[in-house]
Amino acid sequence: MDPLGRAQLLDFLKKEFSAENLSFWEACEELRYGEQSRIAEIVDSIYQQFLAPGATRWVNIDSKTMERTLEGIKTPHRYVMDDAQMHIYMLMKKDSYPRFLKSELYKNLLAEAVIPLETKKRVFPFMRKQRHSSPSP
């Protein structure tokens, strides 16, 4: 959800030659939450960029997922890319993202992060030490 974090992840993925995965995921999000009137146009754009033979930003999905997706785009709808999007999401979750979290790029991002004051307070104020303890009976 963090735009700066996502931009840093995209930079990392470019260096890893897998930026198309995040771009595909984002395009699928646009399909899911975008304008109803543009669904067919967005589906076609996603297909041409990421799934068509010889696509410039081709994503690697398994054959069963590809078959279901190709069958689904014959009648485009908002959720037609869900299987393919989930496949790419899981690839990033299990492989790319953990490597990003170990990267210098991410470590630098954390080092430059601004920590809001409210997070510096104790989480549970009732656990603060009492300044004046009352004598035990």
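Just so we're clear, the structure is a prediction, and the values are computed from it rather than from any experiment.
Taking CD1 of Ile61 as the reference point, atom CE of Met81 lies at 8.5 Å (rounded to 0.5 Å). The distance from the OG1 atom of Thr69 to the CG atom of Asp82 is 9.0 Å, given to the nearest 0.5 Å. Here the CD1-OG distance, from Ile46 to Ser23, works out to 11.5 Å after rounding to the nearest 0.5 Å. Separation of atoms SG (Cys28) and CD1 (Ile42) is listed at 10.5 Å; rounding is to 0.5 Å. Ile39 contributes atom CD1, which lies 8.5 Å from atom OH of Tyr79 (distance to the nearest 0.5 angstrom). Atom CG of Asn60 and atom CD1 of Ile88 lie 7.0 Å apart (nearest 0.5 Å).
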Distance-only donor-acceptor pairs under 3.5 Å for side chains of residues 1-10, two or more places apart:
residue	atom	partner	partner atom	Å
Asp2	OD2	Gly5	N	2.8
Arg6	NH1	Glu26	OE2	3.2

Could you pull out every donor-acceptor pair under 3.5 Å between side chains of residues 89-96 and any protein atom, sequence neighbours left out?
residue	atom	partner	partner atom	Å
Asp95	OD1	Arg99	NE	3.2
Asp95	OD2	Arg99	NH2	2.9

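For the residue pair Phe100 and Tyr106, the shortest heavy atom distance occurs at O-CB, 3.0 Å.
Residues satisfying the side chain to side chain donor-acceptor pair (under 3.5 Å) test with Gln48, not counting sequence neighbours, are none. By the side chain to side chain donor-acceptor pair (under 3.5 Å) test, Arg38 pairs with Glu30, Glu41, sequence neighbours left out. By the salt bridge (Lys or Arg N to Asp or Glu O under 4.0 Å) test, Lys107 pairs with Glu104, sequence neighbours left out. Residues that satisfy the salt bridge (Lys or Arg N to Asp or Glu O under 4.0 Å) test with Glu35, not counting sequence neighbours, are absent from this structure. Partners of Glu112 according to the side chain to side chain donor-acceptor pair (under 3.5 Å) rule, which considers only residues two or more places apart in sequence or in another chain, do not exist here. Here Asp11 pairs with nothing under the side chain to side chain donor-acceptor pair (under 3.5 Å) rule; sequence neighbours left out.
Within the structure, ring-ring contact (aromatic ring centres under 6.0 Å, His included) contacts touching residues 38-71 (residues at least two apart or in different chains) are Phe24-Phe50. Within the structure, salt bridge (charged side-chain N to carboxylate O under 4.0 Å, His left out) pairs that include any residue of residues 66-77 comprise Arg68-Asp83, Glu71-Lys74 (at least two apart or interchain). For residues 43-63, no pair satisfies salt bridge (charged side-chain N to carboxylate O under 4.0 Å, His left out), with sequence neighbours left out.
Within a 6.0 Å sphere centred on CE of Met86, heavy atoms belonging to other residues, nucleotides or ligands number 12 at most.
Side chains of Asn21 and Trp25 form no contact here, defined as non-hydrogen atoms less than 4.5 Å apart.
Side-chain contact, Gln85 with Glu29: a donor N or O sits under 3.5 Å from an acceptor N or O.
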